[in-house]
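This report refers to the structure that appears directly beneath it.
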Amino acid sequence: MTYESILVEQHDAVTLITINRPQALNALNSQVLAELIAAFAAFEADPSQGCAVLTGAGDKAFAAGADIKEMADKPASDFFNEDFFAGWTSHLVKSTRKPWIAAVNGFALGGGCELAMMADFIIAADTARFGQPEIKLGVAPGMGGSQRLTRAVGKAKAMDMCLTGRMMDAAEAERSGLVSRIVPLAGLIDEALKAAQTIAAMPPMAAKVNKEMVNVAFETTLDQGLLFERRAFQILTATEDKAEGMKAFVEKRPGVWQGK
Ligand code: CO8
């Protein structure tokens, strides 16, 4: 498939997806939405790919939000009937079982912050700025900001950000648990690709199960989560990659994975 608003490159077993509308600070319009869904589906279906990185083109923005110009004249009935942006949760979060990382290279605002929070984790440039400024437009987060941000940083900071619309810089985002690491902007993509290559080199079933386990923690009670973890662990012990991984450790050599 050819894309107009995103770029897709493969770096060995890692797919690098770049939102490519720098003149609009990578604002998320319907075309970006559709192309990202297609790119994530292609990544998920390609057995040569083990992890993805999502970033924004240019030095200024990961994505400055949903495209305000596209939304400005849209009637409420269209938002409702098209179920505007609902596709992202189902395609980028639920149907993407392989891990992916958001490499946030500048503004991640509104839908941009929400998109970054759909990733399994966020690596931020030191220039990154996160925010849910929708209140200033007379609306509110609509793609998970009120829920994922609250789970990531807690009620106090989530309320502060949603109600004042202020931005959080990279240091505050790391302190608050929103991002896993901060790197200088110039090294961001290298660092994200390196992390993604590390993940892509892991036993693939174990990678998916580890991802699933951590995500279950946000959806269930501690008891149910611990039970899910124990059962999933037990299932992994039946894989060929488990036998290989433990044998390779004992023999002091790297494992060779079959994905089964
Ligand atoms: N949409 C469309 N265009 C945008 C957006 C956007 N979100 N953000 C920036 N742009 C455009 C600007 O209009 C400008 O274009 P032009 O040159 O044609 O005027 C270009 O990008 C550069 O932007 P600025 O000149 O404003 O750059 P500054 O450096 O002065 O400011 C800011 C940068 C602070 C990031 C500023 O651009 C800004 O505040 N942007 C809007 C941020 C925002 O409010 N984001 C939230 C949008 S709402 C949202 O995401 C809701 C998601 C949920 C939807 C779910 C529906 C169910």
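Ligands are counted one by one from 1 in listed order, and the atoms in each one are counted from 1 as well.
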Cut-off 3.5 Å, no hydrogens considered: what does the side-chain donor-acceptor table look like for residues 173-180, sequence neighbours left out?
from	atom 1	to	atom 2	distance (Å)
Ser176	OG	Glu172	O	2.6
Ser180	OG	Ile122	O	3.2

* Taking atom 30 (O) of ligand 1 as the reference point, report whether a protein heavy atom occurs under 4.0 Å from it. => no
* Asked: So is Lys136 in contact with ligand 1, going by heavy-atom distances below 4.0 Å?
  -> no
* To do: State whether the shortest distance between N or O atoms of Met167 and N or O atoms of ligand 1 falls below 3.5 angstrom.
  => no
* State whether Asp120 and Lys211 are salt-bridged, where the test is any N-O pair (Lys NZ or Arg NE/NH1/NH2 against Asp/Glu carboxylate O) under 4.0 Å. => yes
* Asked: Does Gln132 reach the side chain of Met168, with side-chain heavy atoms less than 4.5 Å apart?
  -> no
* Counting heavy atoms only, name the option from Ala24, Ala64, Ala61, Gly110 that's nearest to atom 45 (N) of ligand 1. => Ala64
* Determine, using heavy atoms of Glu114 and all atoms of ligand 1, whether some pair is separated by less than 4.0 Å. => yes
* Asked: Do Glu191 and Arg181 sit within salt-bridge range, that is, some charged N less than 4.0 Å from a carboxylate O?
  -> yes
* To do: Give the atoms of ligand 1, by number and element, whose distance to some non-hydrogen atom of Leu109 is under 4.0 Å.
  => 35 (C), 42 (C)
* To do: Determine whether Met118 and Trp100 make a side-chain contact, defined as any pair of heavy atoms from C-beta on separated by less than 4.5 Å.
  => yes
* Identify, for atom 23 (O) of ligand 1, the protein heavy atom at the shortest distance, and state residue, atom and that distance. => Leu25 CD1, 3.6 Å
* Evaluate the criterion side-chain contact (heavy atoms from CB on, under 4.5 Å) for residue pair Arg21 and Val32; output intermediate values, then yes/no. => CA-CA 9 Å; Arg21 300 185 70 213; Val32 173; 3.7 Å; yes
* Asked: What part of Leu137 sits under 4.0 Å from ligand 1 if we count only heavy atoms: the side chain, the backbone, both or neither?
  -> side chain
* Does the protein put any heavy atom within less than 4.0 Å of atom 43 (C) of ligand 1? -> yes
* Structure fact -> For Met71, the ligand 1 atoms with a heavy-atom partner under 4.0 Å come out as 48 (S)
* Structure fact -> Near Pro133 (heavy-atom distance under 4.0 Å), the atoms of ligand 1 are 43 (C), 44 (O), 45 (N)
* **Contact (N/O only, under 3.5 Å) between Met143 and ligand 1** => no
* Under-4.0 Å salt bridge between Lys74 and Glu70 -> no
* To do: Please indicate whether any nitrogen or oxygen in Lys69 is less than 3.5 Å from any nitrogen or oxygen in ligand 1.
  => yes
* Structure fact -> ligand 1 to Gln23, heavy atom cutoff 4.0 Å, flagged ligand atoms 20 (C), 21 (O)
* Asked: For Ala66, is at least one N or O under 3.5 Å away from an N or O on ligand 1?
  -> yes
* Asked: Closer than 4.0 angstrom: is that true for some heavy atom of Glu70 and an atom of ligand 1?
  -> no
* To do: For Ser48 and Asp46, test the side chains for any donor-to-acceptor distance below 3.5 angstrom and give the result as yes or no.
  => yes
* To do: Would you confirm whether any non-hydrogen atom of the protein falls under 4.0 Å from atom 15 (O) of ligand 1?
  => yes
* Does a side chain donor of either Glu44 or Ser95 reach within less than 3.5 Å of an acceptor in the other side chain? -> no
* To do: Evaluate the 4.0 Å heavy atom contact test for atom 25 (O) of ligand 1: does a protein atom fall under the cut-off?
  => no
* Within 45° of the six-membered ring axis of Phe43 and under 6.0 Å from that ring's centre, is NZ or CZ of Lys98 located there? -> yes
* **Pairing of Asp160 and Arg166 as salt bridge, 4.0 angstrom limit** => yes
* Quick one: look at Lys60 and ligand 1, take heavy-atom pairs under 4.0 Å, and tell me if it's side chain, backbone, both or neither. => side chain
* Might you point out which heavy atoms bring Ala103 and Phe62 nearest each other, and give the distance in Å? => O-CD1, 3.5 Å
* May I ask whether atom 36 (C) of ligand 1 is less than 4.0 Å from at least one protein heavy atom? => no
* What protein heavy atom sits nearest atom 53 (C) of ligand 1, and how far away is it? -> Gly142 N, 3.6 Å
